[in-house]
Amino acid sequence: MAQKPSIPKGTRDFSPVEVARRNYIISRIREQFERFGFQPIETPAMENTDTLMGKYGEEGDRLIFKVLNSGDFLSKADPALLDARDAGGLAPQISEKALRYDLTVPFARYVVMHQNEIEFPFKRYQVQPVWRADRPQRGRFREFYQCDADVVGASGLVQELEFVQLYDQAFHSLGLHGVTIKINHRKILSGIAEVIGAGEKLTEFTVALDKLDKIGREKVEQEMEGRGISRGSIERAAPLFELSGSPAEKLGALRTLLSESQVGLEGVAELEALFEQTHELGLSAAAVALDITLARGLNYYTGAIFEVAAPEGVQMGSIGGGGRYDDLTSIFGLKDMSGVGISFGLDRIYLVLEQLGLFPETLERSLDVFCVNFGDAEARAALRLVMQLRSRGLKADLYPSPAKLQKQFKYADKRGVPFVVSIGEEELKAGQFMVKDMRSGEQHQYALNAWTTFADRLQA
RNA sequence: GUGGUUGUAGCUCAGCUGGUUAGAGCGCUGGAUUGUGGUUCCAGAGGUCGCCGGUUCGAACCCGGUCUUCCACCCCA
């Protein structure tokens with residue numbers, strides 16, 4: 001009995017057009033990665049579970065796909081945990097592998113394992129799928145691609161500056177204008193928490209603050225209170241909600257607010273330099289903004305934090321994110337190795353480009369020339385022509401059987417082929433081929449031995 | 001993980017307070033058109049109504065469970 005096939009929740013098949021479009025995005029981003037001097041690496045889909053666990057916070061651990069051990073995995077499990085149905089305690093015993101959750105932690109692991117072969121500073125890029133056991137939504141999948149560029153072994157603000165440029169160039173190259181690179185700094189957030197007397201509650205403070213543009217000031221304050229931050233602290237944070245003006249003006253106000261905080265002032269100074277130099281270099285497709293509420297992925301960022309918002313009017317979560325993480329490799333035993341990196345969300349960029357109609361039409365063309373098959377002798381001549389056109393880099397094909405012309409032309413039409421070549425009995429006798437322009441319906445004859453004239457015309 | 005939502009032909013969807021053989025448009029196949037697609041006309045094929053169970057004389061329709069879709073929360077690319 002035939003079963004109805006399906007694929008796991010949150011995963012997708014990609015049709016030829018979709019693959020062409022995804023490859024287009026990837027190739028443009030990759031081109032920029034390489035222009036900026038990054039080198040590609042790849043890592044396995046699976047990592048050891050303990051490489052990943054504990055690196056993304058409690059929430060992250062929950063979203064990691066664990067791979068069940070092969071064989072009789074239950075025999076090795078602790079009977080007491082089994083009886084107690086303690087899934088949390090049992091998981092590490094029956095699953096020693098897990099699907100990668102992002103590309104940054106595997107990269108950190110890679111750096112530590114290959115530290116002796118790597119020339120530092122090491123700039124690598126990586127384009128691979130990652131998996132998260134999240135509930136799917138628009139632009140949120142359980143299997144999706146990240147395109148990451150990171151540099152380790154180099155401190156200094158030049159890196160952050162370069163990543164802003166890299167974002168800008170990549171989006172420019174995709175024709176995606178109007179994106180906003182939102183920037184914040186971990187040290188500023190720490191400093192704020194410190195001066196308002198909520199230093200212990202940094203995470204709670206930032207998680208609530210992150211929701212400001214979504215739920216408004218009042219509810220943010222309510223949530224902070226609910227998360228155990230004192231009334232007095234919340235009141236001292238009031239200036240945060242009144243920040244306005246240019247990044248420089250906002251940073252000026254923060255400087256006043258943070259005058260008592262050493263780290264806070266460091267953060268302010270870094271961002272002042274970053275915004276000033278970004279302004280000097282100029283941007284083509286993106287705008288930069290200081291967003292003090294930006295706090296995502298705070299678990300491992302220690303310096304600048306980036307997040308890219310789609311152009312206004314496009315409803316989509318962030319299409320990129322990144323930041324500086326000074327200590328990432330230390331959890332794997334390699335100290336004093338600072339890193340900065342950014343990530344492009346391929347699947348979301350796809351949805352944005354699609355919604356804005358920014359994909360080039362030529363991506364849909366899978367064939368430039370299609371030859372109708374009239375029978376053995378004619379097909380032989382057609383195949384020679386097809387091979388000649390292919391040698392010029394044109395996408396050319398011959399229908400595999402001498403089916404009815406109506407069927408063959410219909411096929412060409414459905415495939416969106418712009419030119420259809422006919423070599424029938426008459427053309428063969430005359431040493432010619434007939435080209436039909438499928439858009440205008442016009443037909444022209446060419447001599448078979450002058451096929452380059454036709455090829456030249458197509459490639460003009 | 002919490003709350004809600006969706007599922008009927010390949011696709012987009014109708015289908016009345018439960019009542020004979022579940023419909024439409026588009027698409028598909030064949031023909032009009034044995035050297036021509038996209039227009040037109042004619043004919044045809046195609047459905048375990050997501051799945052499992054329950055209520056009922058009778059279920060696409062009501063109830064429960066499950067899977068899936070989308071949405072909000074959590075979190076995030």
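Order of the sequence lines fixes the chain letters, A, B, ..., with proteins taken first and strands second; residue numbering starts at 1 for each chain.
Less than 6.0 angstrom separates the ring centroid of A/Tyr167 from the ring centroid of A/Phe344. Checked against the 6.0 Å centroid criterion, the rings of A/Phe38 and A/Phe163 qualify as a close aromatic pair. For A/Tyr24 and A/Tyr350, the gap between ring centers reaches or exceeds 6.0 Å.
Annotation: of the two residues near RNA chain B, A/Ile215 and A/Arg62, the 5′-most nearest-nucleotide partner is A/Arg62. In terms of position on RNA chain B, the residue among A/Tyr411 and A/Lys414 whose nearest nucleotide sits closer to the 5' end is A/Lys414.
A distance of about 32 Å separates the C1' atoms of B/rC16 and B/rG3, rounded to the whole Å. Comparing B/rC75 with B/rC51, their P atoms sit 38 Å apart, to the nearest whole Å.
Among B/rA77, B/rG27, B/rC75, the nucleotide with an atom closest to any side-chain atom of A/Gln146 is B/rA77. Closest to the side chain of A/Gln406, out of B/rG37, B/rC74, B/rC75, is B/rG37. Ranking B/rA77, B/rC74, B/rG37 by closeness to the A/Phe141 side chain, first place goes to B/rA77. Listed nucleotides B/rC70, B/rG35, B/rU33 differ in distance to A/Pro136; the shortest reach to its side chain belongs to B/rC70. Among B/rA77, B/rG37, B/rC74, the nucleotide with an atom closest to any side-chain atom of A/Arg132 is B/rA77. In the set B/rC70, B/rG35, B/rC75, the nucleotide with an atom closest to the side chain of A/Arg138 is B/rC70. The side chain of A/Gln137 lies closest to B/rC74 when the candidates are B/rC75, B/rA77, B/rC74.
Close to B/rU36, at under 4.0 Å from its OP1 or OP2, lies no side-chain N or O of A/Lys407. Dashed line: the shortest gap from a side-chain N or O of A/Lys211 to OP1 or OP2 of B/rC75 is under 4.0 Å. Contact annotation: A/Lys214 side-chain N/O to B/rC73 OP1/OP2 distance is under 4.0 Å. Considering only side-chain N and O atoms, A/Lys404 lies under 4.0 angstrom from the phosphate OP1 or OP2 of B/rG31. Dashed line: the shortest gap from a side-chain N or O of A/Lys436 to OP1 or OP2 of B/rU36 is not under 4.0 Å.
Within 3.5 Å, no donor on the side chain of A/Arg140 pairs with an acceptor on the base of B/rC71, nor the reverse. Judged by distance alone, with hydrogens and angles left aside, A/Gln408 brings no side-chain donor or acceptor close enough to the base of B/rU36 to form a pair under 3.5 Å. The base of B/rU69 lies outside donor-acceptor range of the side chain of A/Arg135, with no N or O pair under 3.5 Å. Side-chain atoms of A/Asp413 and base atoms of B/rG37 include a donor and an acceptor less than 3.5 Å apart.
Using a distance-only test at 3.5 Å, with no hydrogens or angles considered, no donor-acceptor pair links the side chain of A/Asp368 to the main chain of A/Ala396.
In this model, no donor atom of one side chain and acceptor atom of the other lie less than 3.5 Å apart for A/Ser422 and A/Glu427. A/Arg132 and A/Tyr56 share no donor-acceptor pair across their side chains, judged by distance under 3.5 Å alone.
With a cut-off of 3.5 Å on both pairing distances, the Watson-Crick and G-U wobble pairs of RNA chain B assemble into stems of 3 or more at B:1-4 with B:70-73, B:10-13 with B:23-26, B:28-32 with B:40-44, B:50-54 with B:62-66.
As judged by a 4.0 angstrom heavy-atom cut-off over every strand, A/Gly10 is placed among residues touching the sugar-phosphate backbone only. Residue contacts shown for A/Glu426 include a base, since a base heavy atom lies under 4.0 Å away.
Checking A/Ile41, A/Asp102, A/Thr104 one by one against A/Asp148, the side chain to side chain contact (heavy atoms under 4.5 Å, CB included) holds for a single residue, A/Thr104.
A cation-pi arrangement is present between A/Arg124 and A/Phe107 under the rule of less than 6.0 angstrom and at most 45 degrees off the ring axis.
For B/rA77, the base is not stacked against the aromatic ring of A/Phe344, per a cut-off of 5.5 Å between centres and 30° between planes.
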